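Scroll down for the structure; my scribbles are underneath it.
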Amino acid sequence: MMLRAFVGACLLSTSVLVQTALAGDARSLQIVVSKSEQTLSLYEDGEIVATSRVSSGKPGHQTPSGIFSILDKRKYHESNIYSAAPMPFMQRLTWSGIALHEGRVPNYPASHGCIRLPAKFAKTLYGMTARGVHVIVADDPGALRAIDHPALLQPRDAPAADGLMLSDVELRPASFDASLKLVEVAVNQTTSSVKRKPVASKDLAPLRILITRRGDRERIMDVQRLLTDLGFDAGVADGYAGTMTVSAVNGFKRWKDMKTTGPLLTDAFMDALYASAGAEAAPNGQLMVRRNFKPLFEAPIHIKDPHIALGTHFFEVINIDQDQGKAEWNGLTLDNHLPTAARKRLGIDVADAPGRPNSLSAVLDRLDIPEGIRDRLESELTTGSSITVSDLSHGLETGEGTDFVTITKDGPT
């Protein structure tokens, strides 16, 4: 509410400028840009408190659509790409060059990919935001709305730590490439007798949670772990099919009288491996968590009806009542541009995510998060914590010094 009053005052008089909002104040802020309407809406506590005209990327230089966060802020910046063009009150969304900044705003897309703002509004907005504030760029008009669903996280006290989770892992790329040689994964295995020291959630930075489909990296990690449990030396469970992993796979195949030529990981091999290990079928979803622009941990989950597209959805906590143990969430569904090749690779037969106009509830109905993972997330939940659900995971824009960057449409189609 305090920020809402500040917005009104600043929009009436731009002679007042607060350089950087407190992180706690900015947690309830969200920015939604509509490329079709060339507008920006600023939300606080789930309500629109200011709007502005914008100018996004012109044909051939379209602004990517998706879910971003403010990564960096500079009062004055010059473009590293376009002849040192001035970018006052720059708020960076990607390290590859997309940003909000002051610039010429005609009534049509005219930039080289950035989102230009009128001078007064650019200055005012710069004074209110902080690094980490979400910016959602949509193709068509869209509004954040309140969402209440049993699957959404609610605050609780820190529980005992248990289960198996991956900590400080290297995030997978958008498409698997064995040449990337991902780094060693640190695995933390604890028991219910080990207690994690409670931490007041209000003192923590917001969680950034991505829920997506498991890919080749996770599949290979499962193979490495199960083969090692069976006595084969498959190397570190890093998701990279190196020499040791290939040797272990072929050793298992010889044991089971299976061919060692052809594809490395066939369905028959996977079925035999899980049966030999006495393990349940592999999960088909992955939950990844970041905080303060760094990977925190990740864990497998289950997605119901995997042959149906998930779509792309965004959820964020806009307020927490610790006394009542209640978090207020809002959310938005973005247009999902899922290429045919991606649908085939992911085994998606139904390309249109179900549930409109209640697509947010529909996708939450399909997510099964293990209780131990849910306990940890809920014990560290804060205002500003967010969940992104997407078939295609994050792209190459997600990396060092970023939240999850989810691109739904990158350039012309």
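Owing to the predicted nature of the structure, the values given are computational and were not obtained by experimental measurement.
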Thr266 vs Lys259, side-chain contact (heavy atoms from CB on, under 4.5 Å): CA-CA, chis, key distance, verdict
CA-CA 10 Å; Thr266 63; Lys259 293 181 179 180; over 6 Å; no

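- Side-chain contact check for Glu397 and Ser96: at least one donor-acceptor pair (N or O, by modelled atom type) lies under 3.5 Å.
- Side-chain atoms of Ser276 and Lys256 include a donor-acceptor pair closer than 3.5 Å.
- Note that Lys73 lies in the cation-pi zone of Tyr126, set by a 6.0 Å cut-off to the ring centre and a 45° limit from the axis.
- Other residues, nucleotides and ligands place no more than 12 heavy atoms under 6.0 Å from the CD atom of Glu400.
- The closest donor-acceptor contact from the side chain of Arg290 to the backbone of Thr402 lies under 3.5 Å.
- We find that Asp391 and Arg366 are not joined by a salt bridge, their nearest charged nitrogen and carboxylate oxygen being 4.0 Å or further apart.
- With Ser111 contributing its side chain and Gly113 its backbone, the two residues share a donor-acceptor pair below 3.5 Å.
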Using the side-chain contact (heavy atoms from CB on, under 4.5 Å) rule, take Phe315 and Leu364 through it: C-alpha gap first, then chi angles, then the decisive distance, then the call.
CA-CA 10 Å; Phe315 306 86; Leu364 292 171; 3.7 Å; yes

Could you go step by step and tell me if Leu29 and Leu42 meet the side-chain contact (heavy atoms from CB on, under 4.5 Å) rule?
CA-CA 7 Å; Leu29 292 180; Leu42 174 66; 4.2 Å; yes

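- By the 4.0 Å N-to-carboxylate-O rule, Glu328 lies too far from Arg145 to be salt-bridged with it.
- No side-chain donor-acceptor contact under 3.5 Å links Ser379 to the backbone of Arg156.
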Quick one, Gln286 with Ile301, criterion side-chain contact (heavy atoms from CB on, under 4.5 Å). Give me CA distance, side-chain angles, the key distance, then yes/no.
CA-CA 5 Å; Gln286 194 78 352; Ile301 67 166; over 6 Å; no

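- Residues His307 and Val350 meet the side-chain proximity criterion, which asks for heavy atoms closer than 4.5 Å.
- Of the candidates Asp403, Thr382, Leu204, Ile209, Leu204 is the only one forming a side-chain contact (heavy atoms from CB on, under 4.5 Å) with Arg291.
- A donor atom on one side chain and an acceptor atom on the other are found under 3.5 Å apart for Tyr274 and Asp222.
- Under the 3.5 Å distance criterion, the side-chain polar atoms of Asp238 are matched with a main-chain donor or acceptor of Tyr240.
- Counting only N and O atoms by type, the side chains of Thr245 and Gln224 include a donor and acceptor under 3.5 Å apart.
- Using a 4.5 Å heavy-atom cutoff, the side chains of Val249 and Leu265 are in contact.
- A salt bridge does not link Asp349 with Lys344: none of the charged nitrogens is closer than 4.0 Å to a carboxylate oxygen.
- With hydrogens and angles ignored, the 3.5 Å screen pairs no side-chain donor or acceptor of Lys123 with any backbone N or O of Glu102.
- Of the possible donor and acceptor atoms, none in the side chain of Gln324 sits under 3.5 Å from a partner among the backbone N and O of Asp321.
- For an aromatic pair to be called close, the ring centres must be under 6.0 Å apart, and Phe314 with His134 satisfies this.
- Side-chain atoms of Gln91 and Asp72 form no donor-acceptor pair, as typed in the model, at a separation below 3.5 Å.
- Residues Ser361 and His149 have side chains that never bring a donor and an acceptor to within less than 3.5 angstrom of each other.
- Side chains of Ser65 and Lys35: a donor-acceptor N/O pair is present below 3.5 angstrom, by distance only.
- The shortest distance between side-chain heavy atoms of Val135 and Leu40 does not fall below 4.5 Å.
- In this structure, Ser56 and Gln38 approach most closely via the heavy-atom pair OG-NE2, 2.7 Å.
- Around CG of Asp229, the count of heavy atoms belonging to other residues, nucleotides or ligands within 6.0 Å exceeds 12.
- A donor and an acceptor atom, one from each side chain of Asn336 and Thr312, are located under 3.5 Å apart.
- For Phe252 and Phe269, the ring centers are positioned less than 6.0 Å apart.
- Without hydrogens or angle criteria, Ser55 side chain to Val105 main chain gives no donor-acceptor distance under 3.5 Å.
- Under the 4.0 Å criterion applied to side-chain N and carboxylate O atoms, Glu380 and Arg208 are not assigned as salt-bridge partners.
- Asp139 places a side-chain heavy atom less than 4.5 Å from the side chain of His337.
- Ionic pairing of Lys304 and Asp365 is not present here: no N-O contact between side-chain nitrogen and carboxylate oxygen is shorter than 4.0 angstrom.
- Using a 4.5 Å heavy-atom cutoff, the side chains of Phe89 and Tyr76 are not in contact.
- Residues Ile98 and Arg92 form no side-chain contact, since every pair of their non-hydrogen atoms from C-beta on lies 4.5 Å or further apart.
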